[in-house]
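Every value quoted in this text rests on a predicted model; they were computed, and no experiment measured them. Note on naming: letters A, B, ... go to the chains in the order of the sequence lines (proteins, then strands), and numbering restarts at 1 for each one.
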Amino acid sequence: MNVQVEPAKLKAKDFASDQEVRWCPGCGDYAILKAVQMSLANMGAQPDNTVFVSGIGCAARFPYYMETYGFHTIHGRAPAVASGVKIANPELDVWVVSGDGDALSIGGNHLLHLLRRNVDVQFLLFNNEIYGLTKGQYSPTSQAGQKSPSTPQGSVDAPIDACTFALGCNARFIARGIDIQAKQLGDIFTRAQEHKGASFVEIIQNCIVFNDDAFAHFTEKSVAKETQIHVKHGEKLIYGADGNKGIRIKPGAFELEAVTIGEDGVTEDDILVHDETNRVLANLLVAMKPPEMPIALGVIYCDPAPSYERAVQAQVEASMANGAGDMDKLLRSGNTWTVS
Amino acid sequence: MNVQVEPAKLKAKDFASDQEVRWCPGCGDYAILKAVQMSLANMGAQPDNTVFVSGIGCAARFPYYMETYGFHTIHGRAPAVASGVKIANPELDVWVVSGDGDALSIGGNHLLHLLRRNVDVQFLLFNNEIYGLTKGQYSPTSQAGQKSPSTPQGSVDAPIDACTFALGCNARFIARGIDIQAKQLGDIFTRAQEHKGASFVEIIQNCIVFNDDAFAHFTEKSVAKETQIHVKHGEKLIYGADGNKGIRIKPGAFELEAVTIGEDGVTEDDILVHDETNRVLANLLVAMKPPEMPIALGVIYCDPAPSYERAVQAQVEASMANGAGDMDKLLRSGNTWTVS
Amino acid sequence: MNLQTDPSQGESSDGAPLSEADSDSVVVRFAGDSGDGIQLLGGQFSQATALDNNSLATFPDFPAEIRAPTGTTYGVSAFQIKFGSRHIRTSGDAPDVLVALNPAALKVNYEQVLRGGLIILDTGSFGERNLKKAGFEVDPREDGTLKEYRTIEIDISALTLEATKPFDVTQKEALRAKNLWTLGLVDWMYGRSLDATETFITRKFGDSAISQANIAALKAGHAYGETAEVSGDIPQTRLGEVKFESGEYRLVSGAEALSWGLVAGCKLAGIDMTFCSYPITPSSPILHILSRLKNFGVTTFQAEDEIAAACSALGASYTGKMGITASSGPGIALKTEAIGLAISTELPLVIVDTQRAGQSTGLPTKTEQSDLFLTVWGRNADAPMPVLSARSPGDCFETAIEAVRLATKYMTPVFLLSDGYIANAAEPWLIPSMSDYEPFPVSHRTDPEGFQPFSRDDETLARPWVKPGTPGLMHRIGGIEKADGSGNISYDPDNHQLMTDLRFAKIDGIANDIPAQTVESGAEKGKLAVVGWGSTYGPINRAVTRMLAEGYDVSHIHIRHIWPLPANLIDLLHDFDEVLVAEMNKGQMLTFLRSQCGRPIEGHLKVNGQPLTIHEVQDAIRARLDK
Amino acid sequence: MNLQTDPSQGESSDGAPLSEADSDSVVVRFAGDSGDGIQLLGGQFSQATALDNNSLATFPDFPAEIRAPTGTTYGVSAFQIKFGSRHIRTSGDAPDVLVALNPAALKVNYEQVLRGGLIILDTGSFGERNLKKAGFEVDPREDGTLKEYRTIEIDISALTLEATKPFDVTQKEALRAKNLWTLGLVDWMYGRSLDATETFITRKFGDSAISQANIAALKAGHAYGETAEVSGDIPQTRLGEVKFESGEYRLVSGAEALSWGLVAGCKLAGIDMTFCSYPITPSSPILHILSRLKNFGVTTFQAEDEIAAACSALGASYTGKMGITASSGPGIALKTEAIGLAISTELPLVIVDTQRAGQSTGLPTKTEQSDLFLTVWGRNADAPMPVLSARSPGDCFETAIEAVRLATKYMTPVFLLSDGYIANAAEPWLIPSMSDYEPFPVSHRTDPEGFQPFSRDDETLARPWVKPGTPGLMHRIGGIEKADGSGNISYDPDNHQLMTDLRFAKIDGIANDIPAQTVESGAEKGKLAVVGWGSTYGPINRAVTRMLAEGYDVSHIHIRHIWPLPANLIDLLHDFDEVLVAEMNKGQMLTFLRSQCGRPIEGHLKVNGQPLTIHEVQDAIRARLDK
Ligand SMILES: Cc1ncc(C[n+]2csc(CCOP(=O)(O)OP(=O)(O)O)c2C)c(N)n1
Ligand SMILES: Cc1ncc(C[n+]2csc(CCOP(=O)(O)OP(=O)(O)O)c2C)c(N)n1
Ligand code: SF4
Ligand code: SF4
Ligand SMILES: [Mg+2]
Ligand SMILES: [Mg+2]
């Protein structure tokens, strides 16, 4: 364990490495980088004790730009490497950075197991609905019909929703943010870091080169208020420029609907209160898609359970309780005989 | 396309190959094999046009015992091979047989993509909550605390529920059955085969050697009626030896509860009617676990969408509509010049 | 730090490359920012050059970043072309001419230019900030850095803005036409017609303001040369036409030719293709090209990863289609297990490996020939399969057809090796006619009489290929060892020996069904054989030709069929006093040939992510023969 | 169909194996149904034999099915033991004695028994149904099938039931004691004490009825021999004690010794182990054993697949622990990409490959040595790493320690090869003392002064190993090519060449840090060197020893360090007129050595999933020297 006396509060720039940032000018990744650096500073993270692990993709270049420990691994395997890091040293604060292709195409299986095991890492999925680094092929989150170099007539695959998938994998912490919303991202990162277990964070990220404005229909300033809902545990699910839109349970159905307070007899009392421990609600919230419904942002689900690496460690410690094993004794355990 | 004039109705035994079945005596796989052969006969399947694809595991030996086309592939990859089969020849009736390790451990990613793409195959997952073929290690569906050769102190991983995972992957057809319930399995297989798209079927299967009685608490005859609910679209969710137990929405919550009709003022009207097109309900049903709740069996979810291989084929056909490509012309497309 | 410099390219004793005496060819390198449209510029100039009946070879050199910040050295994109009045087979060594559209492009490239060569600079981009970003402390135009070169400084930016003023385009749009202005100038230098490019622009942008502005810039560059505003400083060169074999020609890149070759192979086999792949540099273009050829009966599938790609391609082959998959480096590694299954089940499958530089992620946009070991030997247990390699963009077409032929005829997976260099490079190609090729139609078995899934063809030892859906031929296959004939699972020791031997015999037998190894140039026996494979064809061939002209006793042998080797290869090698393998790796063909033929072999090896140069091969030959 | 027969084992001209003159050793094979407890029987007999100071080697031969239907040939489980009054290094060729507990066991095994050998049958299992299931049309006891053998027919089933009658056990439980009855008989035949087995039973079943019944069966079998109910038919043999080196001994299997060696290596390195693996035959026992050694600072992780296992082990190494992963065949293939990353990032990692037979799924429970190519050459691009191979169960311990030493000292992944045969076989092992080993403590770098992640140790060329969590040493690593020293991403061609060269030099340098190649038996130069590696040690050594005794000029060289090879190996081989590689594959070491040393080499190759036999190696030697 490396407990350090921290000399002085660090600033965002203290988390920036000396490497030139090499994303395309205007890429959403820049804003996320800044937000991470800022919130690490705010949460008083120790660079020495922080590890960023990534796969391959534009997003996965992230660790190079962080003045922390960093491991840029191979495509799709960051969750597996990170699991090894965390099992081997539970004291480290481990962050995984991944793209929609990295995490959900080639890496889907490792993500599944990281989540179900509940390994205590923060998993940041930069979702630009495209393969950036390989120049623009469609990804598992691309909308059906996406034209791309590999789908000139449009893709025919039904996309996967990252958060829905994470819920299906038993994730205990699910949040969603947007690249350019630094403050909200900061709040999410802080919550994710505090959560002891796998924290899954989807970050909507604009790829200016290959999928520009894929999210404009809810990220554009002009529509943001009407198409985004920032959820907070214990608070009503209210949104809209005038704060008069809300989410309620469609009467008599297992369904949510967007309503306007004051219209059709809807009152504020009808509006659901966000309960981040409710898995069913989480499933409904993550599935909301503009324009019919606002997109849910913030900490959508958080229902902690013991983390994996601690349980693993506990078994090792329990085994050690009666003293560390003696190699010479081990070799002589069971039946032996002596020749003289 | 291979449309054949069928000479006479085939019997279950016509679907049995000449290979000796090599599972352990008493293994649940025998019953499933019989049920599949029987229901293929019942649904009038053509052996010539039927393909069984499997990965590796005890379950995956299945194709060898079927007098159909069969491909015993490699561990975890059956969904990928089957996708290739179906894309290349959409006319074939493709069945995938997999185990809990094969499908959910090494093969989780391929299963995810098979389901989200909605490739028209029947995916049968034989869930014995153990690795049979490799002699008894715990699997991703093993209950926490499972002692096994690789977890002598008990496993510390939270298990994944196969159907919950499938829902998270956007599966459009989800069913669950028990190895020994041949009739119910037959009904499920028939529905699965009719469903045009990926049909996910979890089959609870007893591994008599390495995980005997793992499911006894709900499969034993003495408790079956009280711990199983066989769901049917449009019918009330009623079960119990006396037919007086039911499932209702817990008042004021996004939750199901098991109730007894006639007790605490519960009437039959309170009991939910099964709606197999309701995803939220499906999520709740698959999560029910005995003893608190009965296990849900039957077709839990079915909400068809266009199948992948047809959409792929449609693009090829559309491209062909103006005539097949001319190779010599292709080579001469764009700028050319002539030297004489 | 000095990025992307390769001082091994024809270096003189004091560092700068020496001027070459190749008067019948010219090497031009365009370089600029990733956003400067260098690849388009290069492509258009290549096209115009080809239309003038010059022979040519190109070498696009992309940055690894999608779009690195402007002005940085790692954001420099380059395109090199060598063209001439004789047959050109390599994009050449040191450039005679460098066109650098910003300081970073200069920084990265000038040291490779021939001493005394020409450097054309866009002074409009030589501001303080750009100089700093490029890592120049002082302006290189002023501190003697370029003293060994002829430099021509033109404010291309300003002239482009000027030329496009009349049109309704933004300043940003106008500046984007810099590449066309430059193209116009270079077109003028080498007497190229602007017509093809004009047509191209009009096709692309229609009758828009952008279209007009681009054409105006192109013409302005051309006029700039013509009106000689630099008072004759800019040299004009005319190279004679090459006596090309008569016929219809086009420019073709390796990725195009390979994709088309695969389609052609399937046509000749009479079956449709199912192409399953996962994007990866530099393999992706094949997926992109094939996904536009659905009207050729091609189905493309972007799988979730390389394992799924290989498996689904194999699934397709199982149905009787031609299953093909393609990848590079790490992606090929991932396919290993599935390829083993293809070998075991004896199904056809073509795996295209467009090799890239470096282990692990390495240098994805750079070239190397370092997957020979992986493809020949990189599988668990004894698992033989054919490995072919293409030598040039055009040759990809032939080699791809051959891969499909062997896969279907012998019921086996086949590795088809290309590399990042030939995939992206372009060369003039005498377009073949499909009627020149002998079809090799596949016949799927339909006869139930005496059917055994693992019976064998007497001649090829191939097992029958049955389409599921065929009445009466139901059977099961899998990766467990199979009984000879019946294909049922068998744990019989003798059967395992027999089946292993049969699988080897089948692949070994292919040696008798492929062309004997020929000698590309030089005598059939003699002092020194330089052996190459794949994309080193150009530089080795040119080097040997030159050395032959100088009277050296040297021959060039280039291997297409790596496994099995042509039946006569070993004997052929024994007919030379010395054998030198020249390759872009740490000695893989070298080691492989040593293992196959009991004679000493030496190597000239390079692994810097750059193609071999003619000079270094010449030097390597001299080092052996001048002793 | 005749399963699992290996007629190549010491065959006479007319088919049956010839009787051997080895009076100082005996080979016994137990065979029965999977449910008959054959492995326990074999294990207990081995234990008793070892306690009698006989040397021994064992060969368990499992069926592929977990528990195939009783009575089938593919459900037969066997256990062979060779023991003797001289050092035994192989489980032997043809059995002198076969104990067959059912017709299927007889069917599968009798042809391998020495002509004139003894076959003991349980007649209680020779009913009509069992005969049919085994594929006997006629009772083999009656149609002359066994005429070349001595057979003893005992109704073991009935006698076991009889013996266990007094105890409160079910008939099923009683019948399960058949193996112990048999053990008692065989113990009597070879004068073994029943004590150890009795203790074992009591420990396992406590003071229960089952315990009592089992012990009664054991004693009854013994008494049956003693009272000679078969009137002296059953031969009794006493072999002298072997002059073992003095010390404490135990039986050890390869999987145990390997697991313990890994733990010992970590102790010597002073770091904890994180072992990440995915179950696969025959590799799984290592995971099982290590998961019980958590009190040795061992953390085990059953990953979701082999890729994750390799990646998480690498992640553990990244934190400064010893990351280890293990698998077989297809699982090793899947780890390829991750191993490339380990090479590129220069992190320690041990990858254990317990080889199994056949490409793809192949024959998982059978043995082969066919991953040499995969481990030495099976990676994308130029990616060198050490490869070691263990020769015997006990040797696994030493080789595992060496693997950890090289991995940590040189910051490199290391392949450690075992195979299905040594993993399951057991031999008496002189238990080493940990104090005999020189520790090789790892020192993780903590000093920020002048720290560069890719600086190098002058001697080893290893880069520093830094634990995340260390103040002031934050840095980034990854699979893209790294600049020498700083480790920053670099696309510089010269740097790629330099780093590639450095990675090779580092691994090549290990040749100077490993023991010189020795000659196991025979002279240091001469007519013929038989070269082996891995589990063929036993048969080759015995064969060469025999041939030396017969006066042949032959030597045995056994290679542990496959890559890099010991510095003197090539010279050593040149000192022999002929070199013969004997291995269980299609010629992988053969091809590899040919590629490394310019001299003719021949091969004796076998791929039937069975260990080499002494006889065939002798024959191969004779074929070379008798000409
Ligand atoms: C094994 C392997 N397969 C494929 C690739 C090529 N590759 C690199 S990144 C990438 C996808 C990137 O997409 P995403 O994860 O969404 O990241 P983004 O670039 O959009 O941030 C692919 C296919 C690779 N590097 N390794
Ligand atoms: C690549 C690879 N890894 C591991 C194995 C070993 N293996 C075979 S089956 C299996 C798990 C079987 O479990 P499951 O899928 O649940 O099937 P079951 O035997 O229980 O029916 C494993 C780990 C293998 N054959 N291939
Ligand atoms: S390609 Fe897209 S995701 Fe990648 S750096 Fe450029 S803008 Fe960002
Ligand atoms: S091990 Fe279990 S799952 Fe496998 S065949 Fe035996 S009983 Fe069935
Ligand atoms: Mg992306
Ligand atoms: Mg299972």
side-chain contact (heavy atoms from CB on, under 4.5 Å) between D:K294 and B:Q153, worked out: CA-CA 10 Å; D:K294 298 205 171 71; B:Q153 294 159 284; 3.0 Å; yes
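In this structure, chain D has a heavy atom under 4.5 Å from the side chain of B:C58, while its backbone stays farther away. When heavy atoms are compared at a cutoff of 4.5 Å, D:S277 does not approach chain B at all. Contacts between D:S360 and chain B at a heavy-atom distance below 4.5 Å involve the side chain alone, from C-beta outward. Of the atoms belonging to B:V156, not a single heavy atom falls under 4.5 Å from chain D. Neither the backbone nor the side chain of B:P140 comes within contact range of chain D; no heavy atom of the residue lies under 4.5 Å from a heavy atom of that chain.
The shortest heavy-atom contact between B:P149 and D:S291 is O-OG, 3.4 Å.
The number of heavy atoms from other shown groups lying within 6.0 Å of NZ (D:K132) does not exceed 12.
To the nearest 0.5 Å, atom CG of residue D:L290 and atom OG of residue B:S150 are 12.0 Å apart. Residue D:Q302 holds its CD atom at 9.0 Å from OG of B:S155, rounded to the nearest 0.5 Å. Rounded to the nearest 0.5 Å, atoms CD (B:Q137) and NE2 (D:H288) are 3.5 Å apart.
Note: D:D305 leads D:T70, D:D305, D:I307, D:I280 in heavy-atom pairs under 4.5 Å with chain B. Heavy-atom pairs under 4.5 Å with chain D peak, among B:G26, B:S105, B:C27, at B:S105.
Against chain D, the residues from residues 200-211 of chain B that qualify, each with a non-hydrogen atom under 4.5 angstrom away, are B:V209, B:F210 in number order. Taking non-hydrogen atoms and a 4.5 Å limit, the residue list of residues 60-79 of chain B in contact with chain D, ordered by number, reads B:R61, B:T73, B:I74, B:H75, B:R77. Using non-hydrogen atoms only and a strict 4.5 Å limit, the part of residues 330-338 of chain D facing chain B consists of D:L334.
The salt bridge (charged side-chain N to carboxylate O under 4.0 Å, His left out) search around D:E304 returns A:R117, not counting sequence neighbours.
D:E306 is listed as a side-chain neighbour of B:I106, based on a closest heavy-atom distance under 4.5 Å.
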